[in-house]
Each structure stands twice: as C-alpha cells, then as structure tokens.
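Here's the structure we're looking at; comments come further down.
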Amino acid sequence: MATGGLKRKNDSDNDVKAKKANNFWKGGLLTSMNDPDLQVFSDERITVIKDKYPKAKYHFLIMPKKNIPNLKSLKKEDIDLLKYMEEKGRELSKSSDAERQFRYGYHSIPSMSHLHLHVISQDFDSPCLKNKKHWNSFTTEYFIDSKDIIKTLEKTGKVEHESFHFTSLLKSDLRCHVCKKEIKTIPALKTHIQQHSYQVKTTDT
DNA sequence: GTTCTAGAAC
DNA sequence: GTTCTAGAAC
C-alpha cells in the first residue's frame, strides 16, 4: 500500500527529531557550569557547581574545564587533574561542614555528559532523592571512589568497565548505607536513615 | 538528568 | 482508597 510506505517514512523522521529533543538534557551540565546561581568556584582547570537537584544536604559537582566526556576518555596525563579535583572536593566539604562525612566519586554510568566528580555528604537528606535509582547510584558500587579511579588509571592507563554489571546494581534491593539493613520502600528508608544522622558526622568515630 | 502518571502493591 | 514504583517522554 502506498500510504504504508509514506507513513513509515514520516514515523522515522519523527523518531529522529524526537530522539534529538529527548536527549538534549544530556548536555545540561555545560549550561549549569556557567549558571551563576549554581557555580561556587572556578579557576583555570576546573569549575565547581552545586548539583541542581542535590541528593544530600551538600552535593557538589567538580568538572574539568578541559573537555573530558566520560571515564572512558581518561588518559594517564589526566591523573594530576583528577587528583586536583578530589583535593578541591575535600577542601570544599571541609569548609562547608567539617563535621560531616562526605564521599568523593564518579557514577560508573553517568546520565549526563562531561566528566563530573560528585562531592556528596552522607546524610542523603534531600527532597530531591526520590527513587531507587537515586539511592543505589550513590550507595552501591555504582558509585566509584575517586581514589579507585585514579588507582586504576595509574595502574592500567585507562578506566573501563562492563556496563551490564553496573546497570543491574541500580535495581538492587534498597539497603541502608550505614547499618546495611534492607528497607522495603524509599519513604521507609528516608525515615530509617534519620536515626543514623549522628553517625554520618566524623567527630565521634 | 527530571516530570508525569498508570497501575501495582498495600 | 492511598501509597509507591517504574517506564515513556514525538
């Protein structure tokens, strides 16, 4: 049928347009980098912004000015830059709240383009933390410590991993990051972690 | 990455 | 009936 062929062509055109429109958000970090409301620090090598949808009381993103799309594009020559980013992150968390526990790391499979180091306090106390993917992306091995990335890069000259393993981690059962207890739902988990709020301070360990 | 919302789970 | 999750977004 003639209309059949025409319809298919229009559909595929629309698919291409839709895909473009639907993927536009992936570049959002480049816009956020230059947003004065989000930017907290900038020098010749890096820009630091507040995460637009923070998943804890303190949640920063540290990005190189140099265009590094993802972990896979890292080269040995970037080791100093990665160390500098982590160091800046530690300074920043100390000046934000020296008593609070933080982690410094990368998502194994980030949603957005442009390499970004997460600097995130371990209270996970935020209305923007809403679902299983949010939780598991910061509390399972999906979150890779900066130190481990640097170690791997130093040892092997690259950072690569099997994506299926990490994708499946996002679907893991919810577990408290402090006491490892399994909690059935996000609302129950959010209530539960409040009782650990004193433990995610670094003063009395 | 978020928003929206259908329908699963309770 | 309400809470909660999970998949589409043209």
Side-chain angles (χ1 to χ4, degrees), chain A residues 3-40 46-65 67-73 85 89 103-121 123-144 146 149 161 163-177 181-194:
Chain A
T3 50
L6 188 64
K7 188 175 189 303
R8 268 197 300 278
K9 185 186 183 304
N10 287 340
D11 281 354
S12 65
D13 282 354
N14 289 338
D15 286 350
V16 171
K17 277 179 203 161
K19 201 169 189 182
K20 233 180 210 174
N22 289 341
N23 286 335
F24 189 70
W25 57 266
K26 285 194 176 181
L29 284 182
L30 294 149
T31 319
S32 297
M33 268 177 94
N34 299 310
D35 184 338
D37 289 338
L38 296 175
Q39 193 170 312
V40 298
I46 61 170
T47 297
V48 183
I49 62 169
K50 287 185 277 192
D51 192 294
K52 200 170 178 181
Y53 299 91
K55 305 303 185 295
K57 278 186 174 155
Y58 298 93
H59 186 183
F60 303 103
L61 302 179
I62 304 194
M63 289 172 286
K65 287 231 166 121
N67 180 37
I68 304 177
N70 49 49
L71 291 169
K72 207 177 169 180
S73 355
M85 287 163 64
R103 281 186 77 189
Y104 313 87
Y106 300 87
H107 279 155
S108 49
I109 308 169
S111 296
M112 306 183 91
S113 293
H114 207 96
L115 189 73
H116 50 286
L117 170 67
H118 289 273
V119 174
I120 185 163
S121 60
D123 48 80
F124 296 114
D125 177 6
S126 166
C128 299
L129 199 160
K130 293 178 174 172
N131 58 46
K132 183 178 261 193
K133 181 175 177 176
H134 291 154
W135 182 258
N136 284 337
S137 73
F138 287 101
T139 61
T140 68
E141 310 94 272
Y142 190 92
F143 187 89
I144 308 175
S146 169
I149 293 291
H161 29 55
S163 69
F164 182 77
H165 168 243
F166 291 100
T167 307
S168 64
L169 284 173
L170 294 177
K171 300 186 179 182
S172 317
D173 292 334
L174 298 170
R175 205 167 278 284
C176 171
H177 66 310
K181 187 183 177 201
E182 188 181 329
I183 314 280
K184 288 295 175 194
T185 67
I186 288 287
L189 179 63
K190 296 193 102 176
T191 304
H192 170 87
I193 60 176
Q194 286 174 24

With Watson-Crick and G-U wobble geometry limited to distances under 3.5 Å, how should the secondary structure of DNA chain B be encoded in dot-bracket form, using | for bases paired to another strand and [ ] for crossing pairs?
.|||||||||

Quick one: list whatever passes side-chain contact (heavy atoms from CB on, under 4.5 Å) with A:D123, sequence neighbours left out.
A:A56, A:K57, A:R100, A:S121, A:D125, A:V200

Results of side-chain contact (heavy atoms from CB on, under 4.5 Å) for A:S73 - residues two or more places apart only:
A:I68, A:P69, A:N70

Residues 31-39 of chain A side chain polar contacts: donor-acceptor under 3.5 Å, at least two apart:
| unit_1 | atom_1 | unit_2 | atom_2 | d |
| --- | --- | --- | --- | --- |
| A:S32 | OG | A:G28 | O | 3.2 |
| A:N34 | ND2 | A:L30 | O | 3.3 |
| A:D35 | OD1 | A:D37 | N | 2.8 |

Set of residues satisfying side-chain hydrogen bond (donor to acceptor under 3.5 Å, both in side chains) with respect to [X], sequence neighbours excluded:
| X | answer |
| --- | --- |
| A:K65 | A:S42 |
| A:H192 | A:Q195, A:H196 |
| A:T139 | A:W135 |

What is the nucleic acid contact for A:L29, judged by heavy atoms within less than 4.0 Å: base, sugar-phosphate only, or nothing?
nothing

Of all heavy-atom pairs linking A:I193 and A:C176, the shortest is CG2-SG, 4.3 Å

Protein-proximity profile, nucleotides 1-10 of chain B, B/S/- by nucleotide at the 4.0 Å heavy-atom cutoff, equals BSS-------

Under 3.5 Å donor-acceptor pairs involving side-chain atoms of residues 182-191 of chain A, not counting sequence neighbours:
| unit_1 | atom_1 | unit_2 | atom_2 | d |
| --- | --- | --- | --- | --- |
| A:E182 | OE2 | A:K184 | NZ | 3.3 |
| A:T185 | OG1 | A:A188 | N | 3.2 |
| A:K190 | NZ | A:S126 | O | 2.8 |
| A:K190 | NZ | A:L129 | O | 2.7 |
| A:T191 | OG1 | A:P187 | O | 3.0 |

